[in-house]
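I have placed the structure first, in the form of structure tokens, so that the comments after it can refer back to it.
Within every chain, numbering begins at 1; the chains are lettered A, B, ... in the order of the sequence lines, protein sequences first and strands thereafter.
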There are 2 protein chains.
Amino acid sequence: MEGYDKHAFEPFAVTVDLAVFTVRAGVLQALLIERGQEPYAGRWALPGGFVLPAESAETAARRELAEETGLSDVSGLYLEQLRTYSEPDRDPRMRVVSVAYTALLPDAPEPRGGGDAASARWLPYDGVGPLAFDHDRILADAHDRVGAKFEYTCLATGFCPPEFTLGELQQVYETVWGTTLDRPNFRRKVLATSGFVEPVPGAARLTGGRGKPAALYRAGAATALHPPLLRPAPAPSQPSPSPSPSSAPSSSSEGRFS
Amino acid sequence: MEGYDKHAFEPFAVTVDLAVFTVRAGVLQALLIERGQEPYAGRWALPGGFVLPAESAETAARRELAEETGLSDVSGLYLEQLRTYSEPDRDPRMRVVSVAYTALLPDAPEPRGGGDAASARWLPYDGVGPLAFDHDRILADAHDRVGAKFEYTCLATGFCPPEFTLGELQQVYETVWGTTLDRPNFRRKVLATSGFVEPVPGAARLTGGRGKPAALYRAGAATALHPPLLRPAPAPSQPSPSPSPSSAPSSSSEGRFS
DNA sequence: TCCCTTAATGGTCAGTACGACTATAAATAG
DNA sequence: CTATTTATAGTCGTACTGACCATTAAGGGA
């Protein structure tokens, strides 16, 4: 950082890319837009855009999130920086450094193209074809991060509406992790973690369909899980093919510690 | 990402900043350089520099790491992207977006100013005065991340020389976490985690000073800790002042989930 | 040399957490 | 009314952890 005035430097374009997830009907979905021009015309891509001169990357991300989802108030949504992608050739047109963000939406209103993006749509995360640019990797990295955070934070409630049942919360976990969980054990763990969820006092109950009605809960004040809620270790002998959008297992060229 | 050619955008300067840690004699130290010019002349700052037109941010970070430490080979060192700092006013001279990286050094050779930085030095992490720019926050964020990763990865061996004793490894944990750990329990946990460390076969023993000589170990092949090695929960009733360089408790403006 | 100190190593024991599982309750579909 | 479905409650054995105590193997000093 010494000597700005002495050294030449190349200015880069700086953008934000958004990996926006929601869970609908037990399916993990991502918000994607269809590209209309080259390069990658017709391919799906992550929503995003340039960082304006007077705003931070996070401000830009929140602005883009509001534009792409069409929601008037995104201030309560979970939005966190994922990481920055800066490979010199990641955009064939010019040098673009992109700060990627992960966002979670509880309910999933079909996005209306409020912003400049013509056709933003929710697509199921599994089976999303190859995306434009390096967006496959960004989306996979975001999914990995969300899955990891589910273990030691209360992040999962970010996928739930204001009031939810423990069954819904469990389904969020199962959807993101791609596993099944034992219902009584999951219940015991969640209720034993103080501050994770709190019961809705008015003995309210939700009648969704068949079966005994479930008690409703709200997200609690806690953000961390102590001890963590570890996902079941995958069978070590079975080299199961990775579920994900086609992309490779997201092996960063950086350190070996996820 | 639609319509590059239709929209105006402002180019930014893109830099990397390095939070480089080492543990020497039970003290966590950070690699810092002293600024010679305004702004923040005379203040300590993180090493860093511009990303060159043809390189990725990680390549730039590794190049800067080699320059600032004076080490000829930094390929084996732990280096991982931390996050990107992009507040519009973080540098008073111009708009600079900085991608921060965290690096760990096992041994700590006194850095020689091989690169352009005149006086790079190791300074103890605790009590480092206010740094230049937003580097206090970057360094605190890096420390938080390293501490968190110690819980569920084998990252701690990155602070150790190729062969080390379990006492040294424990001291690394205690130094980074700022806590004390029970020695037999730590030993039991580390040895029970397959792949964390492996004994040096030649019955080698290190005679450091008094006491029974300790067996030597090498870092194993594992990168993750299952189950994690959780740090002792801080006493919840005692609002102890945060240990760190002066900076505030690193409250990101983003999501509430660390 | 003998004893004390230091540090590594080995072990016990109880409380907690967790996985697997069974049982009961309360609703709907037929 | 009965079967099905889902929520909820509880049990039991194992694994893990924190708090200890004991032993071993070195060095230092009187």
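- Looking only at side-chain heavy atoms (C-beta outward), B:F159 and B:V146 come within less than 4.5 Å of each other.
- Under the 4.0 Å criterion applied to side-chain N and carboxylate O atoms, A:D141 and A:R137 are assigned as salt-bridge partners.
- Checked against C:dA20, D:dC16, C:dT9, the side chain of B:P227 finds its nearest nucleotide in D:dC16.
- Atoms CG (A:L230) and C1' (D:dA15) sit 13 Å apart, rounded to a whole Å.
- Rounded to an integer number of Å, the gap from B:R210 CZ to C:dA8 P is 12 Å.
- Distance B:L216 CG to C:dA8 P: 12 Å, rounded to the nearest Å.
- With the nearest nucleotide of DNA chain D identified for both A:G211 and B:P184, A:G211 has the one nearer the 5' end.
- Remark: aromatic rings of A:F186 and A:Y173 are close, center separation under 6.0 Å.
- Heavy atoms of B:R187 sit under 4.0 angstrom from primed sugar atoms or phosphate atoms, though from no base atom.
- With respect to the salt-bridge test (charged N to carboxylate O, under 4.0 angstrom), the residues A:E80 and A:K149 qualify.
- Distance B:N185 CG to C:dA14 C1': 13 Å, rounded to the nearest Å.
- Rounding to whole angstrom units, CG of residue A:L181 and P of C:dA20 are separated by 11 Å.
- Proximity of A:R183 to the phosphate of D:dA7: a side-chain N or O atom is located under 4.0 Å from OP1 or OP2.
- Separating the NE2 atom of B:H226 from the C1' atom of D:dA15 is a distance of 16 Å, rounded to the nearest angstrom.
- Between B:K189 and D:dT17, a side-chain N or O to OP1/OP2 separation shorter than 4.0 Å is present.
- Donor-acceptor pairing under 3.5 Å, judged by distance alone, is absent between the side chain of B:R188 and the base of C:dG11.
- Side-chain atoms of B:K212 lie closest to D:dT24 of the nucleotides D:dA7, D:dT24, D:dG28.
- The residue A:P232 sits apart from the nucleic acid: no heavy atom pair falls under 4.0 Å.
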